[in-house]
> 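Okay, handing you the structure first.
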2 protein chains.
Amino acid sequence: MSRPSNAAHVTLADVAAHAGVSRATASLVLRDTGSLTEDTRNRVRASMNELGYVYHRGAASLRASRTQSIGVIVSDISNGFTAELTVGLEEALAAAGVVALIANTLESTDRQELLVRSMLERQVDGLLIIPAIGTTRAMAERLSTVGVPVVIASRDIAVPGLSYVGIDNVTGGSCAAEHLLTHTNGPVAFLGGFTELGPRQDRVAGIKRALATASDAWLEVDIPGPPNGSWGLETARRLLDDGSLPPTIICLNDQVAFGVYRALREARPEGPSPVRVVSFDDVAEAALWEPPLTTIAASGHEVGVRCADILLGRIEAPDGPTVRTLITPTIVVRESCGCLV
Amino acid sequence: MSRPSNAAHVTLADVAAHAGVSRATASLVLRDTGSLTEDTRNRVRASMNELGYVYHRGAASLRASRTQSIGVIVSDISNGFTAELTVGLEEALAAAGVVALIANTLESTDRQELLVRSMLERQVDGLLIIPAIGTTRAMAERLSTVGVPVVIASRDIAVPGLSYVGIDNVTGGSCAAEHLLTHTNGPVAFLGGFTELGPRQDRVAGIKRALATASDAWLEVDIPGPPNGSWGLETARRLLDDGSLPPTIICLNDQVAFGVYRALREARPEGPSPVRVVSFDDVAEAALWEPPLTTIAASGHEVGVRCADILLGRIEAPDGPTVRTLITPTIVVRESCGCLV
DNA sequence: TCGTCCAAGTAGATCGATCTAGTAGAGATT
DNA sequence: AATCTCTACTAGATCGATCTACTTGGACGA
């Protein structure tokens, strides 16, 4: 190979000199614009390959208006829904030749502010944020003045100037409750989720709305908590000890439901419990669980694609309107709700 | 608020003028170097705040050697181990003031090449890559000439000039098999994983090594496949139909094990099967599963931290040696292996 | 033959920070 | 008094691409 890898740094000027054209012409080749003969383009491209030229986007961003990148700041990438969202986003952005640069706040608002700064320093063309817990309205308002389009995902903070894409959790919640009402009644529990976040608030609101239509069912237990299996396990254990766990349970997500089932098995090792459980998310394990979980599925992928569409649109037309989109979830009926047994 | 948000763009020159100093001085304040009075620093910082100055890293990267960012290119961010790895990495980098820019190849080598390019165009100070399936040695060799330190994680491609951090899967495999040998014998199955990837190769190697020490146990079934639950379910169904599923099963990961258990439940709805299963990863659901999974746990977090250390070290000392680190996994004994029942 | 138009390409200023090579002035040393 | 050192600060070149405003040479119409 004739890779001149010891040359400190190959610039467009080097390429231009090698190809016998001016820097301006080489630049036109890079951006596939201007009127140049195909022969010139090929010669320049050949020189780029031969010299191992690497585009210097920082230098370009001094004059060009776009960097073909958007910043993605998520609260927790290890959350399955979030991961799925970024995949949908990246797929949709790839078609437009835009790269997503992802970073994690780990639910720290300090880190969130730092990452927003950092992304803006890198001249991203747009910003997608899943706000960390504790993000205040003031912080969100500041985002509307950063100079690039911003989309908030998953956790709603309604602020003028910011677009929002999320799941219609009110419908999700009522959907869960309505399904249970078709074949059960009595006290209902809702377990998990942080009260300061939209998803829990909306799901509970939807559940209450649905239960209000029935005279013989009511939300008796409503306990907030972390959205994971170990919290679900501990909490269900405690309620079982008290004898205060209703036989109808709606869990914030599948993870909490897994924990609840573990507690039920500990309490009754001899066989399945007669509880009815509905949860949210439909992670991969939900279908494999014993019993297979009835769960409210929402497509993170779809949310991601929608975010990409909005961002690309607003980058194209910065004065366009901000958008609010809710993706409607669907119920996946399996066995945990009790109706197929 | 006195936010002059309509000003097109605030530059260091504007800040300097506002604070009554030169651009050079303002730059020294930014970088916290040089000898300046505390009074001058404060005055400049006040001007930055007042004018809403945003650092332009692209411009800086024309002259400065560092961008305080490293590119992270992963094959699939929705994989729990990968997500955990990025979290460890980001935590360790944050302490050094370095930002990780993460992107997903979705297991496409084309996209991988594109993302490597894109990261280099952005002048990242280092690169962490979990190679996509199908990454050739030639591709990896090209990575050693990119001019910044590169660390390969998880999927080993031994190439001079590249560092590697991964899990000691040979030990993991032999550990799984040795544990099973303490209370079972006969035919063993290994299910899942792509043959072209190191993790499967190494785990099988470790298993074979351990089984070789026993006269009454052997690897009878060895089927590669995607590392997910639905493949595990289908494959176990097929083997059960054939009557060729050994009662001792090692699964590539917990997901595959979940699928296998689903198939077992379908086949014997009346109660638990007498199989012994060990898998890898110890995802959150493993402890909640019925039966709780015995699994080989490896810390993605630890791998991420180690990668950060190596990258930061090599950025500091570019001529330092490349490093190869293996993190030793540990077995988490629960009930699926049959020994606690 | 002249003027116009167009395709193909270029020179040089420019973006915003950083770096080099200084300067001015105060205090210490001989 | 002359020299040296040190602190605090600065002018101007510079990084690598892009953009504006040209030039050049040929084709075409009248």
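A note on names: the letters A, B, ... follow the listed sequences, proteins ahead of strands, and every chain is numbered from 1. Reckoned from all heavy atoms, side chains included, excluding hydrogens, waters and symmetry mates.
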> May I ask you to verify if any side-chain N or O of B:Ser22 is less than 4.0 angstrom from the OP1 or OP2 atom of D:dA8?
no

> Is the backbone N or O of A:Leu106 less than 3.5 Å from a side-chain atom of A:Asp76, with the two atoms forming a donor-acceptor pair by type?
no

> Sort out for me which residue in A:Val159, A:Leu326, A:Val151, A:Ile310 forms a side chain to side chain contact (heavy atoms under 4.5 Å, CB included) with A:Tyr164.
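The side chain to side chain contact (heavy atoms under 4.5 Å, CB included) with A:Tyr164 is passed solely by A:Leu326 among A:Val159, A:Leu326, A:Val151, A:Ile310.
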
> Nearest whole angstrom, please: distance from the C1' of D:dG16 to the CG of A:Leu51.
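About 15 Å, once rounded to whole Å.
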
> Measure from the side chain of B:Val21, starting at C-beta and using heavy atoms only, and say which of C:dT10, D:dT10, C:dG9 lies closest.
D:dT10

> Show each protein N/O and nucleotides 22-27 of chain D N/O combination with a separation under 3.5 Å, one pair to a line.
none

> Whether the side chain of B:Asn49 engages the backbone of B:Ala46 through a donor-acceptor N/O pair (distance < 3.5 Å, no angle test) should be reported.
no

> Applying the side chain to side chain contact (heavy atoms under 4.5 Å, CB included) test to A:Val21, which of A:Thr40, A:Leu36, A:Val15 qualifies?
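The side chain to side chain contact (heavy atoms under 4.5 Å, CB included) with A:Val21 is passed solely by A:Thr40 among A:Thr40, A:Leu36, A:Val15.
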
> Quickly work out the A:Arg23 CZ to C:dA8 P distance and round it to whole Å.
22 Å

> Indicate yes or no for a side-chain donor-acceptor contact from B:Arg31 to the backbone of B:Ser27 under 3.5 Å, with no hydrogens or angles considered.
yes

> Look at the side-chain N and O atoms of B:Ser61 and state whether any lies under 4.0 Å from the OP1 or OP2 oxygen of C:dA17.
no

> Would you please name every residue forming a salt bridge (charged side-chain N to carboxylate O under 4.0 Å, His left out) with B:Asp309, sequence neighbours left out?
none

> Taking the side chain of A:Thr37 as heavy atoms from C-beta outward, which of D:dA13, C:dA8, D:dA17 is closest to it?
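My answer, after comparing the listed nucleotides, is C:dA8.
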
> Classify the side-chain pair A:Arg111/A:Thr105 by whether it contains a donor and acceptor separated by less than 3.5 Å.
no

> Round to a whole Å and report the spacing from CG of A:Asp14 to P of D:dG16.
8 Å

> Mark yes or no for whether A:Gln112, through its side chain, and A:Ala132, through its backbone, hold a donor-acceptor pair below 3.5 Å.
yes

> Tabulate below the donor-acceptor pairs under 3.5 Å that side-chain atoms of residues 94-102 of chain A make, not counting sequence neighbours, or state none.
none

> Evaluate whether atom CZ of A:Arg324 has more than 12 neighbouring non-hydrogen atoms of other residues, nucleotides or ligands under 6.0 angstrom away.
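Result for CZ/A:Arg324: enclosed.
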
> Roughly what angle, to 10°, lies between the helix axis at the start of the helix from C:dT1-D:dA30 to C:dT30-D:dA1 and the one at its end, five pairs per end?
50°

> From the list C:dC19, D:dT18, C:dC15, which nucleotide is the closest neighbour of the side chain of A:Leu62?
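Taking heavy atoms from C-beta onward, the closest nucleotide is C:dC15.
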
> Could you state the atom-to-atom distance from CG of B:Leu36 to C1' of D:dC6 in whole Å?
14 Å

> Indicate, with a heavy-atom threshold strictly under 4.0 Å, whether B:Ala60 touches base, sugar-phosphate, or nothing.
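The residue B:Ala60 makes sugar-phosphate contact but no base contact.
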
> The side chain of B:Ala64 is closest to which nucleotide in this list: D:dC9, C:dC19, D:dT18?
C:dC19

> In this structure, how many angstroms lie between the C1' atom of C:dA17 and the CD atom of A:Gln123, rounded?
12 Å

> Would you mind reading off the distance between B:Asp39 atom CG and D:dC9 atom C1', rounded to a whole angstrom?
13 Å

> Salt bridge or not between B:Arg155 and B:Glu107? Use side-chain N to carboxylate O under 4.0 Å.
yes

> I want to verify a distance call: between C:dG9, D:dG12, C:dT14, whose nearest atom is closest to the A:Arg63 side chain?
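Given the options C:dG9, D:dG12, C:dT14, the side chain of A:Arg63 is closest to C:dT14.
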
> Under the salt bridge (charged side-chain N to carboxylate O under 4.0 Å, His left out) test, which residues partner A:Glu141, sequence neighbours left out?
none

> B:His9 NE2 to C:dA17 P: how many Å, rounded?
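My rounded result for the distance is 6 Å.
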
> Measure from CZ on B:Arg57 to C1' on C:dA17 and round the result to the nearest Å.
12 Å

> Side chain of A:Ala24, heavy atoms from C-beta onward: which of D:dA17, C:dT10, D:dG16 has the nearest atom to it?
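Selected nucleotide: C:dT10.
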
> Closest approach to the side chain of A:Thr11, judged atom by atom: which nucleotide of D:dA17, C:dG16, D:dG12 is it?
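My answer, after comparing the listed nucleotides, is D:dA17.
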
> Distance-only, no hydrogens or angles: does the A:Asp125 side chain make a donor-acceptor pair with backbone N or O of A:Thr67 under 3.5 Å?
yes

> Between residues 25-35 of chain A and DNA chain D, which residues have a heavy-atom gap below 4.0 Å?
A:Ser27, A:Leu30, A:Arg31

